[in-house]
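Just the heavy atoms: all of them, side chains too, but no hydrogens, waters or symmetry mates, feed the values below. Sequence lines set the chain letters: A, B, ... in the order given, protein chains first and strands last, and positions in each chain run from 1.
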Protein chains: 2
Amino acid sequence: MKVTADQALVKKINKSLILHTIRMHAPVSRARVSEMTGLNKATVSNLVAELCAQELVTEAGPGESSGGRKPLILHFNATAGSVIGIELRVKQLTAVLCDLDGGVLQEVDCPLAAHDFPYVLEQMKSIISGLIAQAPPSPYGIVGIGVGVPGMVDDGIVLFAPNLGWEMVDLRGILESSFEVPVTIDNEANAGAQGELNFGAARDVRHLLYISAGSGIGSGIIIGGELYKGARGYAGETGHMTIEAQGKPCSCGSRGCWELYASEKTYDNPGLSLPARTTGELVRHAISGQPDVLQHFASIGEYLGIGVTNLINSFNPELIVIGGALSEAEPWLGGPLRRVVAERTLPYHKQQLEITFSRLGSRGTVIGAGFSAVMHFLGNIRVTL
Amino acid sequence: MKVTADQALVKKINKSLILHTIRMHAPVSRARVSEMTGLNKATVSNLVAELCAQELVTEAGPGESSGGRKPLILHFNATAGSVIGIELRVKQLTAVLCDLDGGVLQEVDCPLAAHDFPYVLEQMKSIISGLIAQAPPSPYGIVGIGVGVPGMVDDGIVLFAPNLGWEMVDLRGILESSFEVPVTIDNEANAGAQGELNFGAARDVRHLLYISAGSGIGSGIIIGGELYKGARGYAGETGHMTIEAQGKPCSCGSRGCWELYASEKTYDNPGLSLPARTTGELVRHAISGQPDVLQHFASIGEYLGIGVTNLINSFNPELIVIGGALSEAEPWLGGPLRRVVAERTLPYHKQQLEITFSRLGSRGTVIGAGFSAVMHFLGNIRVTL
DNA sequence: AAACTTTGTTTAACCAATATACAAAGTCGG
DNA sequence: CCGACTTTGTATATTGGTTAAACAAAGTTT
C-alpha cells in the first residue's frame, strides 16, 4: 500500500529514530542524541519528553561533565513491559519471559509427548499463562508474544510445518484471541537470526545469513538489517537445496537435498556405525575421541560448507552464523566447514566473509522470537531513498 | 546513514509518489491521482503544478467527463530528457538511446575485437558520443548513462569481471568525468531484471528472480520491488552454486558449479558431437530436428531446473524469468526445465510460482541499464514501516 | 572571579498538508 | 432548455511539526 507523508508521519519517524537511538546507545544525553541523529536539540527535547511520559525512556540523573553543564542521562526503559518468547521444537517447547531489551526474566521448558495441534496448543497456553502470572508489574504489562515455529509462516499463519504435521494453522489468530495481546509468528530460523542479530554474534551486521542446523536445515536471511521473508513466507527453506543432482531421494520429492547430508537426518542411516543418534550424545563421544563420530562430524562439516558456499554466492552476506542443535559440535564442524568454504568460494568473497557459531546457543531462537514481539510493540519506521 | 524527517522530506515523498503514480498510470487526472495516492486534492494540485513547471509532467487538455466537469489529463513527460543504456558483453557492445519511459530512440551495436579495458573504454566512449549527438533536443538533455557489465559491481566500481579480465575498474568515475553526466553501473543480470520488471515479463512483480543464462549464469534478484545487491555487490553470482558436490572442477576453484551444466559453457566439451558451438546456430539445428542438439538442450533445461529449484527454495520469488542468450532456445528448454522444477520443489511453491522466458529478448539488459539511469534522475523515496 | 563550555528549554518563524468552502464546467431528467 | 446534481480543480484559514536563535542553567578552566 502506498504511504503518504504528512506531519504526523514526520513525528512518528523522528520519535522512532530517537527511541531506537537511545535503546541502542544508552546511556546517552539529549545533546548526544541530537548529534547522532542530526535532529535539532529542541526536537529531541520535545520528543524525549513524550517518550518519558510514555515511560519508554527514563532520566537517570546527571552524568559526567566534559567542560560544561552536566548532561541528563537517558535510558531505554526495558522494564516498561515484558514479552514472552517461545520456541516450538518437535520434542520440546521452550519459553522465556523477557524485558524489552532481551533480558531473560524466567525460562521454562516442557517436553512434548506428541505434536498434534490441539495438544501442543494446550501446552503452549499453559506455559504462557504461567509466565504471564510471573510477569513483574510494569506500565504496559505483557506487550506481546513471539513464537518461533519449525515451518513456513506467512502473516501469522503456519502454512506448512512438515515435522509437526501442521498445515494452514492460524496460530496468531488463536493465540491473540486467547490472550488478547499482539502475537508474532516467525519461522524458527528467522527468529534465531533476529536473536543473533540483536543480542548475539551478529550485532549491527547488515547482511546476515543464519543457518539453523538441527533435525533439518533452515536459514534466516537478514538483508539490509531486516528480515527477508520472500514472496509468501517460504524464503530460507534452504535445507531442500540440491547439492547432489542425482543424490539420495528426499521426503520432499526432490533428490540430493542439503539436509540429507548436513543435518541430524544423517544419523538415521542404518549403514553407519554411530554409537548414538542425538547430537548431544555424539558430542560426548567426540570428546572422548571416538573415530567414527569424528569422521561423521567432519563429513557433516564439509557438506555444511558446500551448502554455505552456495548461499554465499547467492546472498553475499557479511557474516554467517551457524546455529541450531548442531552448533554444539562446533569444535569438530568448524574446521572442515571453513576449509570447504575457503576452497570453493570465489576469491573475492573470502576477503569480507566471517563464519561464526551461535553465541546465544539454544536461547537464540526464543530471545529472537521475543524480540519480534518487542519490535512490533515499539514500532519501526524508516525512510528509504 | 540515518535519515531525519522534516517538511522538506514530506514534500519530497509526496512529490515522488505523485510523479511515479502519473508515470505508471497515465493518462490520469489530478482527481484520480488524489484518490489513488490518498493525498488531498489541494496537495496534488500544488505538487502537480511544480512538476509541470519542471516539465516532468504535461497537461494534455480535457478528457471525457463522467457526469461532471471534464478532467484535465496529465501525462508523464517521457521526452523531458534522454538516457543512454549500454550492455557490455564479451564480444559485443550494445547501446540504446531511450526516452524516460524506456522507449528506444536509437540502437547501436559494435563488435569487440578485444576486451582489455583501454580498448573497450575507447569503443564505449565513441558509441556514447555518437548517441549523445543524436539525442533530440529536450529540457534536460542526456540525464544519465546506465551500463550493464558481466561481473560484480559495487558502487560504480567493477570489482571483478572474469570474462573480461577486469578487476577494480572505476568505470563510473571514468565515464562521469568524460561526459559530466550521472552514470550508473549494474551487473548485467541485475540490469536485465530491472528491464523485465519495468518493461517486460515481470511488471509489478514484487519478488522476481531473473536468470541470465548465456556464456555463464548470473541472477538478478528483486526483493520487494527493489534490486538486492548483497553486502558488497556480489549477490546473484549463482552460476557458481554447487549442484554436484563431487562434480567437474570449475575455473572458480570449486567443483560442480551450476554454469558448467546449464550454460553455453557446456558447448565446449570436446566429447560432445554438437554441430555448432553457439546458441544461435544450435537453435537452427534444433529447428531442423538434429537429435544430438535436442538431447543437449533437454539436458541444459533439466540442469537449469535444478539450479532454479535451489533458488526457489531460498528466495521464494513470485516469478522467474529466464533471459540471456539461452532464452532463444525456449522451445526446447522450457519443457524439461518446468518438469524438473515441478518434480523437485516443495508442494507449496508450485501453487504460486510462474516461470517465463524473457519478453524483451536481447534488449532487456540495455533497457534495464538505461532505466537505472532514469530512476537515478527522477529519484525514488519511500517510507517503510 | 571572570570567561568559556556544554546542556537543555523557550520563542517565534516557517512551511507543508488538510478540511472546508468555492468556482468552474460538465451531465441528466423532465 | 432549464434547474439540480456531479465532478474537477483552486483558494483560504488552520493545524502541527521542525528549526534557528536566543536564552537559562550548570558546569570547567584560567
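To the nearest angstrom, P of D/dT15 lies 16 Å from CG of A/D6. Here the C1' atom of nucleotide C/dA16 and the CD1 atom of B/I18 are 12 Å apart, to the nearest Å. With rounding to whole Å, B/E64 atom CD is found 17 Å from C/dA25 atom P. Whole-Å rounding puts the B/L9 CG to C/dA17 P distance at 11 Å. One can place CD of B/E50 at 13 Å from C1' of C/dA17, the figure rounded to the nearest angstrom. Whole-Å rounding puts the B/L39 CG to D/dG9 C1' distance at 15 Å. Summarising the geometry, the separation between CG on B/L17 and C1' on C/dA17 is reported as 14 Å, rounded to the nearest angstrom. At whole-Å resolution of the value, CZ in A/R30 and C1' in C/dT6 are 14 Å apart.
Mapping B/N46 and A/G68 onto DNA chain C via the closest heavy atom, the residue that lands nearer the 5' end is A/G68. For B/E35 and A/Q7, each mapped to the nucleotide of DNA chain D holding its nearest heavy atom, the one lying further toward the 5' end belongs to B/E35. The nearest heavy atom of DNA chain C to A/L72 and to B/G38 marks one nucleotide each, and the one closer to the 5' end goes with A/L72.
When distances run from any side-chain atom of A/V10 to the nucleotides D/dG17, D/dG27, C/dG8, the shortest one goes to D/dG17. The side chain of A/T43 sits closest to D/dT18 out of C/dT6, D/dT18, D/dA20. The nucleotide whose nearest atom lies closest to any side-chain atom of A/S65 is, among D/dG9, D/dT28, C/dT7, D/dT28.
Side chain A/R69 to base C/dT7: a donor-acceptor pair is found below 3.5 Å. Under 3.5 Å, the side chain of B/K41 and the base of D/dG9 form at least one donor-acceptor pair of N or O atoms.
A donor and an acceptor atom, one from each side chain of B/K15 and B/Q54, are located under 3.5 Å apart. For the 3.5 Å distance criterion, the side chains of A/D99 and A/T79 fail to qualify, holding no donor opposite an acceptor.
Between B/N40 and the phosphate of C/dA19, there is a side-chain N or O to OP1/OP2 separation shorter than 4.0 Å.
Residue contacts for A/N14: at a heavy-atom cut-off of 4.0 Å it reaches the sugar-phosphate backbone alone, with no base atom in range. Residue B/S29 is classed as a sugar-phosphate contact, given heavy-atom separations below 4.0 Å to backbone atoms only. A/A8 comes within 4.0 angstrom of no nucleic acid atom, judged by non-hydrogen atoms across all strands. B/A31 comes within 4.0 angstrom of sugar-phosphate atoms only, judged by non-hydrogen atoms across all strands, and of no base.
For the pair A/T4 and B/L39, the tightest heavy-atom approach, listed with the atom from each and the gap, is CB-CD2, 3.5 Å.
By the 4.5 Å heavy-atom criterion applied to side chains, B/I145 and B/V83 are not counted as neighbours. Residues A/L74 and A/R30 are in side-chain contact: their nearest non-hydrogen atoms beyond the backbone lie under 4.5 Å apart. Contact check for A/E196 versus A/R359: side-chain heavy atoms found under the 4.5 Å cut-off.
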